[in-house]
Each structure stands twice: as C-alpha cells, then as structure tokens.
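One structure below.
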Protein chains: 2
Amino acid sequence: MAENFNRIMEGLGDVLEIVEGRAAPESYRVHIPEKVDVKAIRDRLKLTQAGFAERFGFSIGAVRDWEQDRRTPEKSARALLTIIDREPAAVERALGPITADT
Amino acid sequence: MAENFNRIMEGLGDVLEIVEGRAAPESYRVHIPEKVDVKAIRDRLKLTQAGFAERFGFSIGAVRDWEQDRRTPEKSARALLTIIDREPAAVERALGPITADT
DNA sequence: GACAGACTACGGCATTGCCGTATCTTTCTT
DNA sequence: AAGAAAGATACGGCAATGCCGTAGTCTGTC
C-alpha cells in the first residue's frame with residue numbers, strides 16, 4: 001500500500017521531467033529508486049547476509065555496507081536489487097545455473 | 001553458438017567449486033560473467049551510448065568507460081547488463097514506467 | 001558459562017562512477 | 001566538396017563505492 005504510493009510519487013518525478021521538456025516522452029526509461037531497503041528484500045527471501053550475497057553475486061562487504069547505511073548501492077545495484085525483489089524468476093533465468101540456453 | 005560454448009565453460013567453473021567442496025551444491029547461485037560486451041548488447045538494441053544510458057539508468061560516462069575498456073563494470077552492473085540482454089521484458093516490468101503494481 | 005552464528009561498526013586501500021573536454025569519424029545537408 | 005551535427009574515442013581527476021579484515025554485540029543452544 002504505502003509502497004505503491006511511493007512508487008507513484010517517484011513516477012511523478014519522471015512525468016515532471018517530460019512536462020518540463022527535460023526528457024523526451026518517447027524515450028522509455030526505467031525508474032530506479034534512490035533508496036532501496038536491502039534488508040527488507042533479503043528478509044523476504046529469508047536469507048542471511050552471506051547467503052544473500054552468494055546467492056546473487058554481491059560481495060558480503062557491500063551488502064553489509066548497504067544495510068548499515070554506510071554506503072549507498074550504485075544505480076546499477078539498486079536496479080538489480082529492485083529486479084530481484086520484483087522479478088526474481090527472471091533473474092534466475094537470465095543469470096541462473098548453466099542452462100542449455102533458451 | 002560460440003556464446004553458448006562460453007557459457008558452458010564458465011558454468012564448469014561453478015561445478016568445479018562444488019566438486020572441490022568450496023561451494024554448497026544446494027546453494028543456488030547466479031553466474032555473473034567476468035566480461036560483458038556492452039557494445040554488442042547496445043548494438044543489438046540499436047541504441048546510441050547516450051540512449052542506452054538513459055534508457056536503462058546508467059550514466060553516460062560509465063557506458064563510455066565500459067565500451068572503451070577503460071573500466072570494468074561492477075559485478076552488479078554486469079549482472080544487470082546480462083539481464084538486459086537476456087530478459088529485457090523483465091527489466092521493463094520490474095523497473096519500467098509507473099505501473100499499478102502487479 | 002562457553003560457543004557458534006548473524007549482525008553491527010569501523011579502518012583503509014583499490015577501483016569504479018561520473019563529469020568535463022578535446023579529438024576523430026561518420027553521416028547528413030546544402 | 002565543404003560544413004554542420006551526431007556519435008565515439010581518449011584522457012584527466014576527484015568523489016564515492018567496492019571490498020577485505022577485524023573487533024564488538026546479541027541471541028540461541030549445549
């Protein structure tokens with residue numbers, strides 16, 4: 001609920017950019033949140049910090065820094081974390097174990 | 001073709017780790033390539049560097065550095081790039097424009 | 001109480017992110 | 001063909017993150 005509200009509010013920022021002419025409406029662009037609640041995502045997956053890191057290829061140090069608000073994950077990392085949160089299956093598919101390709 | 005071969009060879013590395021007891025077989029883990037051909041991915045999508053950057057939330061500087069072999073994208077970025085390459089639709093869905101959630 | 005697992009809290013160096021700018025190269029346009 | 005504009009390449013350079021190590025805290029278990 002509250003999360004949806006936040007997403008919409010953030011989305012409004014994009015709309016503003018278009019309205020103000022700072023962005024082209026035809027240019028699709030993903031929206032990457034400024035802040036990501038790593039611990040929440042990890043808890044949902046019921047993994048330890050170490051497990052979470054190994055599972056998705058992060059370094060343990062980075063995960064700790066993120067959860068401790070010592071460092072902010074980079075845009076790419078925030079995007080990946082968001083995808084892990086919303087489309088975990090796709091992450092499996094794209095990066096997952098040695099498949100015979102699709 | 002050659003790409004599949006590479007994927008399999010890289011996958012063998014993971015298998016080795018399990019065989020040698022350095023990794024637990026039950027712990028699923030994604031495999032993130034050491035090198036990613038950013039230009040190839042971008043060309044496939046027919047986007048300019050600037051377009052590609054805006055489209056997926058990278059900074060232009062990073063994209064340039066990557067394609068010029070000046071910097072190696074971080075693990076998270078390599079993972080994201082790989083997902084963009086293999087599951088672009090999922091990226092759209094997870095990060096894409098303001099949806100009413102799923 | 002001793003011990004192990006998970007997490008917090010920092011120190012500190014290597015590496016990347018990212019911005020700016022100058023220099024081609026390619027592709028239109030006149 | 002000459003000039004303009006777009007797209008890339010090539011660096012300099014600072015700020016910020018990645019990442020490794022270590023010590024301390026908290027909790028549950030034996």
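Letters A, B, ... are given to chains in the order of the sequence lines, protein chains preceding strands, and every chain is numbered from 1. The model shown is predicted, which means the values in this text are computed figures rather than measured ones.
- Each of B:Lys75 and B:Arg71 lies near DNA chain D, and the nucleotide nearest B:Arg71 is the one positioned closer to the 5' end.
- Scanning atom types as modelled, no donor and acceptor separated by under 3.5 angstrom connect the side chain of A:Arg78 and the base of C:dG17.
- Put simply, CG on B:Leu45 is 16 Å from P on D:dG7, counting in whole angstrom units.
- Of the candidates C:dC7, D:dT9, C:dG11, the closest approach to any side-chain atom of A:Arg70 belongs to C:dG11.
- In terms of phosphate contacts, B:Arg42 brings a side-chain nitrogen or oxygen within less than 4.0 Å of OP1 or OP2 of D:dA8.
- B:Glu74 comes within 4.0 angstrom of the backbone, heavy atoms only, and of no base.
- Closest to the side chain of B:Asp65, from the set C:dG20, D:dG21, C:dC18, is C:dC18.
- Side-chain nitrogen and oxygen atoms of A:Trp66 include at least one within less than 4.0 Å of the OP1 or OP2 phosphate oxygen of D:dG18.
- Close to D:dA6, at under 4.0 Å from its OP1 or OP2, lies no side-chain N or O of B:Gln49.
- Taking the side chain of A:Thr48 as heavy atoms from C-beta on, and the options C:dC18, C:dG20, C:dA6, the nearest nucleotide is C:dA6.
- Nearest-nucleotide positions on DNA chain C for B:Ile60 and B:Thr72 put B:Thr72 closer to the 5' end.
- When the P atom of C:dC10 is taken as reference, atom CG of A:Asp69 falls 12 Å away, rounded to whole Å.
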